[in-house]
Participant: 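Handing you this structure, nothing more for now.
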Protein chains: 2
Amino acid sequence: MSTSQSLRHKLAQELRSLIRSGELAPGDKLPSEPELAHDRAVSRSSMRAAITMLEEEGFVRRRHGSGTYVTHRPALPNDLSRNFGVSSLIASTGLEPGTAEETSELVPAPAFVAEALEVADGAAVTALSRVRTADGRRVVDTIDWCRADHLSPAELLDLGDGSVYSALAARGLVVHHGVATITPGNADAETARRLDVARGALLLTIDQIDMTAEGVPVLVSREHHLADAFAFMVVRHGPGAAVEVQR
Amino acid sequence: MSTSQSLRHKLAQELRSLIRSGELAPGDKLPSEPELAHDRAVSRSSMRAAITMLEEEGFVRRRHGSGTYVTHRPALPNDLSRNFGVSSLIASTGLEPGTAEETSELVPAPAFVAEALEVADGAAVTALSRVRTADGRRVVDTIDWCRADHLSPAELLDLGDGSVYSALAARGLVVHHGVATITPGNADAETARRLDVARGALLLTIDQIDMTAEGVPVLVSREHHLADAFAFMVVRHGPGAAVEVQR
DNA sequence: CGGCCTGAAGTTGTCGGACAACTCTGTTAG
DNA sequence: CTAACAGAGTTGTCCGACAACTTCAGGCCG
């Protein structure tokens with residue numbers, strides 16, 4: 001499934017894993033572009049394109065006339081700008097992900113969901129409600145909404161611990177990116193019960209709209225995270241480089 | 001100051017502003033690479049490199065044999081992955097930024113600051129403490145720490161409403177990127193007083209370490225935002241494209 | 001008439017080579 | 001001892017060519 005990428009994407013991926021594995025440490029100088037290209041039997045153009053991708057992601061920094069260097073950039077425990085599901089998030093901390101109180105049903109779309117999914121207000125949509133656990137401890141309360149003609153409630157119950165993303169992808173709806181809004185909050189009575197904490201417990205809520213590369217919104221989700229369960233991190237670029245005039 | 005970038009960066013910036021200004025709307029097809037290059041009297045290689053940057057940022061999407069298209073991606077009100085100061089953040093909402101209770105002094109570095117700035121535990125560092133206001137309303141409580149030999153307390157008081165970033169840049173310390181940790185919280189007595197809210201008020205706290213392109217940490221900051229003051233957003237990439245095996 | 005096939009045109013992907021611009025180091029001239 | 005210089009090494013840009021793919025229109029065949 002990953003073989004159909006363009007060459008520069010594969011090259012970029014190889015470089016990324018070299019950096020992540022520590023084979024190329026922060027501060028290290030990469031081999032020269034001609035050398036890298038020759039070793040892999042590709043043209044310098046393609047290798048350059050791959051390095052350009054890494055540069056934009058902030059993994060490396062080029063210095064004209066000098067070389068390309070790995071930036072000092074910590075491997076983020078869980079990067080908000082990357083979008084893997086809650087299961088992967090839990091698994092990355094070394095704990096065992098699980099699910100409780102799973103329900104899937106047709107419900108009238110709440111206003112903000114209807115707007116995001118571009119359906120009529122109150123139209124029936126599929127809602128998947130789950131409490132996610134880490135080593136048995138309840139840490140995240142999630143609700144996912146998607147259009148009823150995209151996925152039925154039954155299909156969502158079938159997936160077990162599989163990701164909603166893969167269920168959508170099986171229907172040809174590949175999530176390309178999402179827009180998330182982050183807000184702090186306190187647990188209301190129902191959320192507190194579901195997460196087995198006291199009412200008013202600190203939460204971090206992530207509201208997210210996922211869409212395909214064509215911009216078609218396919219999934220709306222709301223995740224209430226226990227405040228002490230995860231430390232969300234994000235790399236912030238600029239000022240100095242990419243930022244010029246804002247607005 | 002912005003003239004010393006490489007050509008592809010300037011080209012990318014021009015394309016970005018074309019998209020942001022709406023001249024190139026989501027879904028639109030860009031002119032072909034040879035055409036874009038010819039119009040600007042640059043080579044196709046450079047134009048391609050610029051488009052590759054935009055592609056990595058998620059602004060456009062390439063389709064082999066078809067063309068390059070602007071992605072449906074909303075202009076985020078305030079994007080967590082971008083790093084402008086709190087003043088710009090407030091200004092972007094249309095309100096007037098201001099400062100209250102500004103103090104700047106030498107203090108012994110708290111443990112996490114000392115570690116981040118790579119100085120001895122308890123060493124003297126410059127600490128700038130400010131309450132930021134929007135149209136007079138107190139919305140953010142911030143503390144910035146930096147090494148005493150980088151900026152003195154007096155220099156930080158001089159800058160008035162200027163950014164700490166520009167003060168650092170004037171000393172040759174250009175902030176290239178920062179790593180932020182986002183946590184929800186409740187206001188303690190002191191923070192509540194400074195922000196003029198009830199004790200226990202909801203906060204969103206952003207702890208951030210800013211560093212130069214060489215990876216030298218130059219600024220540590222802690223911002224307590226009133227929960228209802230801003231809606232922080234972030235674009236999350238993948239799964240489907242850049243994500244392969246995680247761990 | 002409808003559907004399939006084919007071909008051409010247009011676009012992005014990759015290649016190879018060349019030279020300019022810049023950095024860095026070591027040597028030499030003052 | 002310092003400063004200027006020369007050379008090698010590296011990234012930045014340019015050019016031209018062809019391959020791979022998409023799209024669409026036109027013609028063919030059922």
Side-chain angles (χ1 to χ4, degrees), chain A residues 1-15 19 24 27-71 172 174 176 212-214 241-242, chain B residues 1-15 19 24 27-71 172 174 176 212-214 241-242:
Chain A
M1 71 151 66
S2 63
T3 78
S4 62
Q5 301 231 27
S6 59
L7 179 53
R8 63 170 190 276
H9 290 287
K10 284 186 281 190
L11 292 173
Q13 207 158 307
E14 180 188 349
L15 291 181
I19 293 176
L24 288 173
D28 279 3
K29 179 177 171 180
L30 267 67
S32 72
E33 295 174 355
E35 186 177 341
L36 282 171
H38 179 264
D39 288 354
R40 288 158 184 76
V42 299
S43 72
R44 186 185 159 209
S45 320
S46 300
M47 187 50 76
R48 252 187 89 72
I51 297 177
T52 300
M53 295 177 62
L54 288 222
E55 184 191 19
E56 201 53 35
E57 294 171 29
F59 282 107
V60 300
R61 171 179 164 77
R62 280 179 165 140
R63 298 211 295 176
H64 188 183
S66 172
T68 305
Y69 302 82
V70 180
T71 50
V174 178
H176 179 258
T212 68
E214 290 74 34
Chain B
M1 70 153 65
S2 63
T3 78
S4 61
Q5 301 232 28
S6 59
L7 180 54
R8 62 170 188 278
H9 289 286
K10 284 187 281 190
L11 293 173
Q13 215 161 65
E14 180 187 349
L15 290 181
I19 293 176
L24 289 172
D28 279 3
K29 179 178 172 181
L30 268 65
S32 71
E33 294 174 354
E35 187 178 340
L36 281 171
H38 179 265
D39 287 353
R40 289 157 184 75
V42 299
S43 73
R44 188 186 158 207
S45 322
S46 300
M47 188 50 78
R48 252 188 89 71
I51 297 176
T52 300
M53 296 177 61
L54 287 223
E55 184 190 20
E56 202 56 31
E57 295 171 30
F59 281 108
V60 301
R61 173 179 164 76
R62 280 176 164 144
R63 299 209 294 177
H64 188 182
S66 173
T68 305
Y69 303 83
V70 179
T71 49
V174 178
H176 180 257
T212 68
E214 290 75 34

Participant: In whole Å, I'd like the distance from the CG atom of L7(B) to the P atom of dC22(C).
Facilitator: 13 Å
Participant: Taking for each residue the nucleotide of DNA chain C bearing the nearest heavy atom, is the 5' side occupied by A49(A) or by R63(A)?
Facilitator: A49(A)
Participant: May I have the distance from E33(B) (atom CD) to dG13(C) (atom C1'), rounded to whole angstrom?
Facilitator: 9 Å
Participant: H38(A) NE2 to dG16(C) P: how many Å, rounded?
Facilitator: 10 Å
Participant: Students often get this wrong, so: under 4.0 angstrom with heavy atoms, is R8(B) touching a base, only sugar-phosphate, or nothing?
Facilitator: sugar-phosphate
Participant: Remember a base hit wins even if backbone is also touched, and classify R48(A) as base, sugar-phosphate or nothing at under 4.0 Å, heavy atoms.
Facilitator: base
Participant: Please figure out whether G65(A) or R62(A) has its closest DNA chain D nucleotide nearer the 5' end.
Facilitator: G65(A)
Participant: On a heavy-atom basis, which atom in E33(A) and which in M47(A) lie closest, and how many Å separate them?
Facilitator: O-CG, 4.2 Å
Participant: With respect to the side chain of S6(A), which nucleotide from dT11(D), dC24(C), dG13(C) is positioned closest?
Facilitator: dG13(C)
Participant: Is the phosphate of dT11(D), meaning OP1 or OP2, less than 4.0 Å from a side-chain N or O of T68(A)?
Facilitator: yes
Participant: Kindly indicate, with the supporting measurements, whether the criterion salt bridge (charged side-chain N to carboxylate O under 4.0 Å, His left out) is fulfilled by E35(B) and R40(B).
Facilitator: CA-CA 9 Å; E35(B) 187 178 340; R40(B) 289 157 184 75; over 6 Å; no
Participant: Checking only heavy atoms, does the side chain of R44(A) share a donor-acceptor pair with the base of dG12(D) at less than 3.5 Å?
Facilitator: yes
Participant: Whole angstrom is fine here: how far is it from OH in Y69(A) over to C1' in dC24(C)?
Facilitator: 9 Å
Participant: To the nearest angstrom, how far is H64(A) atom NE2 from dA8(D) atom P?
Facilitator: 18 Å
Participant: Taking any heavy-atom pair under 4.0 Å as a contact, classify S45(A): base, sugar-phosphate, or nothing.
Facilitator: base
Participant: Starting at atom CZ of R40(B), determine the distance to atom C1' of dC14(D), rounded to an integer number of angstrom.
Facilitator: 17 Å
Participant: Counting heavy atoms from C-beta on, name the nucleotide in dT22(D), dC14(D), dT14(C) closest to the side chain of S66(B).
Facilitator: dT22(D)
Participant: To the nearest 0.5 Å, what is the distance between CG (L11(B)) and OG (S6(B))?
Facilitator: 9.0 Å
Participant: Quickly, which of L30(A), T52(A), L54(A) forms a side-chain contact (heavy atoms from CB on, under 4.5 Å) with R62(A)? Name it, please.
Facilitator: T52(A)
Participant: Out of dG13(C), dG16(C), dT11(D), which has the shortest distance to the side chain of S43(A)?
Facilitator: dG16(C)
Participant: Could you tell me how far apart R61(B) (CZ) and dT12(C) (P) are, to the nearest whole angstrom?
Facilitator: 14 Å
Participant: Quick one: L54(B) CG to dT12(C) C1', roughly how many Å, whole number?
Facilitator: 16 Å
Participant: Are any side-chain N or O atoms of T71(B) and backbone N or O atoms of R61(B), one a donor and one an acceptor, separated by less than 3.5 Å?
Facilitator: no
